[in-house]
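To keep things clear, I will list the structure first and then write my remarks on it.
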Protein chains: 2
Amino acid sequence: MFDTHDVVDSRQPTASTPEFIPPAQSPPLSAMEALVRALPLQRRRLKAKQYVFRAGQPRHTLHLIHAGVFKTSVLSEDGREKITGFRLRGELLGLDALDMATYACDAVALDVGEVWELPCAHLRETVPEFQELLTAALASEIRRDWGWMLALGTLAAEQRVAAFLLDLTARLGALGFSPLCMTLRMTRADVGNFLSLQLETVVRALSHLQALGLIRIERREIRIEDPAGLAATLSASRACH
Amino acid sequence: MFDTHDVVDSRQPTASTPEFIPPAQSPPLSAMEALVRALPLQRRRLKAKQYVFRAGQPRHTLHLIHAGVFKTSVLSEDGREKITGFRLRGELLGLDALDMATYACDAVALDVGEVWELPCAHLRETVPEFQELLTAALASEIRRDWGWMLALGTLAAEQRVAAFLLDLTARLGALGFSPLCMTLRMTRADVGNFLSLQLETVVRALSHLQALGLIRIERREIRIEDPAGLAATLSASRACH
DNA sequence: CGAGTGGTTGAATTTCTTCAAGGCTCGTGG
DNA sequence: CCACGAGCCTTGAAGAAATTCAACCACTCG
């Protein structure tokens with residue numbers, strides 16, 4: 001059922017090789033990353049399209065993203081797929097299955113990346129703040145999901161795309177990247193799947209936002225030309241009545 | 001901002017008056033209910049349309065539903081609303097704000113109901129299994145949300161309504177109610193909001209499912225005439241291609 | 001009994017999807 | 001080095017599904 005032929009990946013035996021110590025220019029660390037950075041964690045490098053784990057596989061650890069962009073997705077029995085989120089540095093993969101024996105979703109790298117494997121049970125006992133952070137991460141994932149449910153349920157196609165861009169830039173900004181310029185690591189089809197739109201609709205929305213002078217597109221590079229204007233497209237809503 | 005004029009409600013001073021001891025015919029209890037039923041909890045009765053809490057209010061406890069049906073909803077700054085779920089006995093209200101000082105959603109009773117206020121911090125220390133259950137509840141809320149994101153993103157209107165009915169009957173069945181007959185405690189507009197459909201669309205979907213002989217509608221009473229047939233409508237999907 | 005809430009149905013409209021065709025970019029192999 | 005193919009992106013035109021608008025009914029509650 002779950003062929004793991006493409007999950008083979010390079011693992012660093014036990015601990016940190018020097019060049020892996022968090023880069024000196026390191027931007028604001030996530031609380032979780034700050035908590036565990038000193039520990040000798042299993043680190044795992046992944047190339048684009050490699051799976052961190054797949055739904056149904058036995059669950060062994062939580063994965064903290066240290067670099068790269070990942071997507072998580074769920075699949076129905078009859079093959080319908082839905083991307084549940086795009087995940088950046090400092091975020092956790094596998095949270096949703098904390099109480100289960102197997103993973104509940106797929107997690108796959110969108111480009112080269114690195115995850116740290118957190119020995120969850122051990123950390124819970126030895127690091128008091130860990131449980132705290134875990135609970136916070138779970139609760140904020142719920143709020144994040146609800147936020148997107150709200151967006152998808154009440155915004156028209158173009159607004160959803162705008163909301164998507166704004167969300168991404170905000171999160172990248174929080175990681176220390178330029179908040180006005182970004183590289184989409186996912187395809188238009190991925191964006192469409194996440195936003196419950198067809199890829200053509202995403203393309204048209206992007207083209208139109210560019211025509212309005214709000215963004216500038218060049219392949220997967222997107223520059224926000226008018227952040228305020230982009231944000232303003234969200235309020236004028238379909239839910240006018 | 002948050003007028004609480006309709007949140008006043010009858011509180012039982014400290015502990016259980018005799019008639020409140022869980023009914024003798026009690027069906028399968030939720031794990032959480034079993035864990036705390038012996039404790040002297042603050043119990044709170046609510047009438048239809050009363051709020052358990054509202055977004056922005058200071059958070060004091062978790063609320064365990066002991067009776068009744070509740071809905072939780074989030075609101076955007078510009079007034080768009082989205083119902084994030086309908087909650088039954090044994091489920092927790094306020095989970096999503098566990099790490100915050102204020103509630104993150106509204107929780108309102110759809111008919112008469114009762115919630116038990118869980119002294120979260122205290123339980124965490126004294127009852128070892130409590131943290132475990134809490135984590136499980138958080139994780140399954142995430143999976144539940146993802147399941148609905150998948151459904152809303154990949155199913156057509158009529159299929160969403162069918163999925164909604166099947167979900168409700170399954171959950172009511174797990175509580176010991178008849179799995180074939182139920183009373184919707186929410187309006188068509190509520191169902192539509194939850195499923196990201198207009199209320200007219202919900203009505204048409206229900207009418208059509210009835211015309212197909214799969215269900216029988218009488219006001220808010222709904223009987224599942226053909227559970228298998230209803231479930232079968234889910235697979236033949238829009239995501240055919 | 002009258003008003004109001006909630007539910008139902010029809011017809012017109014809109015938005016998004018579907019289908020089709022073509023172009024761009026990058027990596028691979030000749 | 002160039003050609004070629006695959007994957008990804010873009011645009012147009014036709015079609016379908018759901019929304020919007022409008023009217024009306026049924027039941028309940030004061």
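Chain A is the first sequence line, chain B the second, and so forth, proteins listed ahead of strands; every chain is numbered from 1. Since we're looking at a predicted model, the values are computed, not measured.
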### Task
For A/T187, answer base if it contacts any base atom (sugar-phosphate contacts may also be present), sugar-phosphate if it contacts only those atoms, and nothing otherwise; contact means non-hydrogen atoms under 4.0 Å.
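Sugar-phosphate contact only - A/T187 comes under 4.0 Å of backbone atoms but never of a base.
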
### Query
With a non-hydrogen cut-off below 4.0 angstrom, is B/L199 in contact with a base, only sugar-phosphate, or nothing?
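Result for B/L199 = base.
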
### Task
Could you tell me how the ring of A/F164 sits relative to the ring of A/F86: parallel (under 30°), tilted (30 to 60°) or perpendicular (over 60°)?
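Ring orientation of A/F164 relative to A/F86: perpendicular.
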
### Message
Tell me which residues in residues 67-77 of chain A lie within less than 4.0 Å of DNA chain D, going by non-hydrogen atoms.
### Response
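Here the set is empty: none.
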
Out of [options], which has the shortest distance to the side chain of [X]?
X: B/L197; options: C/dC16, D/dA18, C/dT9; answer: D/dA18
X: A/V203; options: D/dT10, C/dT17, C/dT8; answer: D/dT10
X: B/R204; options: C/dT17, C/dG7, C/dG10; answer: C/dG10
X: A/Q198; options: D/dC9, C/dT18, C/dG7; answer: C/dT18

### Query
So, B/H63 versus B/F53, ring centres under 6.0 angstrom or not?
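Yes - the distance between ring centres of B/H63 and B/F53 falls below the 6.0 Å cut-off.
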
Nearest-Å distance, [atom1] ([X]) to [atom2] ([N])?
X: A/E218; N: D/dT10; atom1: CD; atom2: P; value: 11 Å
X: A/R160; N: C/dT17; atom1: CZ; atom2: C1'; value: 12 Å
X: A/L184; N: D/dC9; atom1: CG; atom2: P; value: 9 Å
X: B/H208; N: C/dT8; atom1: NE2; atom2: P; value: 15 Å
X: A/I222; N: D/dC9; atom1: CD1; atom2: P; value: 10 Å
X: A/I217; N: D/dC9; atom1: CD1; atom2: P; value: 11 Å
X: B/R220; N: D/dA26; atom1: CZ; atom2: P; value: 18 Å
X: B/R219; N: D/dC25; atom1: CZ; atom2: P; value: 16 Å

### Query
Between A/E158 and A/L209, which heavy-atom pair has the shortest distance, and what is it?
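Taking every non-hydrogen atom into account, OE2-CD2, 3.6 Å.
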
### Query
What are the two closest heavy atoms between B/A97 and B/Y103, and how far apart are they?
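Shortest heavy-atom separation between B/A97 and B/Y103 comes out as CB-CA, 3.9 Å.
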
### Task
Go through the side-chain N and O atoms of B/S196 and B/K82 and say whether any donor and acceptor fall under 3.5 Å apart.
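Looking only at side-chain atoms, B/K82 and B/S196 do form a donor-acceptor pair, the distance falling under 3.5 Å.
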
### Message
Going by salt bridge (Lys or Arg N to Asp or Glu O under 4.0 Å), name the pairs with one or both residues in residues 221-233 of chain A, residues two or more places apart or in two chains.
### Response
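Of all non-adjacent pairs touching residues 221-233 of chain A, those that pass salt bridge (Lys or Arg N to Asp or Glu O under 4.0 Å) are A/R216-A/E225.
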
### Task
Estimate the overall bend of the helix from C/dC1-D/dG30 to C/dT15-D/dA16 from the end axes over five pairs each, rounded to 10 degrees.
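Between the first-five-pair axis and the last-five-pair axis there is 20°.
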
### Interatomic distance, B/D96 atom CG to B/R59 atom CZ [nearest 0.5 angstrom]
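Taking CG in B/D96 and CZ in B/R59, the distance rounds to 9.5 Å.
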
#### Entry: Flag, side chain of B/T84 to backbone of B/T72, donor-acceptor distance under 3.5 Å
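Yes; judged by distance alone, with no hydrogens or angles, the pair exists.
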
### Message
When you measure from the side chain of B/R188 to the backbone of B/L199, do you find a donor-acceptor pair of N or O atoms at a distance under 3.5 Å?
### Response
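No.
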
### Query
Is B/I65 close to B/L93 at the side-chain level, that is, under 4.5 Å between some pair of heavy atoms?
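Yes; the side chains approach each other to less than 4.5 Å.
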
### Message
Both A/E158 and A/E200 contact DNA chain C. Which one's nearest nucleotide lies toward the 5' end?
### Response
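Its nearest nucleotide lies further toward 5', so the answer is A/E158.
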
### Query
Within the structure, does a side-chain N or O atom of B/T201 lie under 4.0 Å from either OP1 or OP2 of D/dA18?
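Indeed not, no polar side-chain atom of B/T201 lies that close.
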
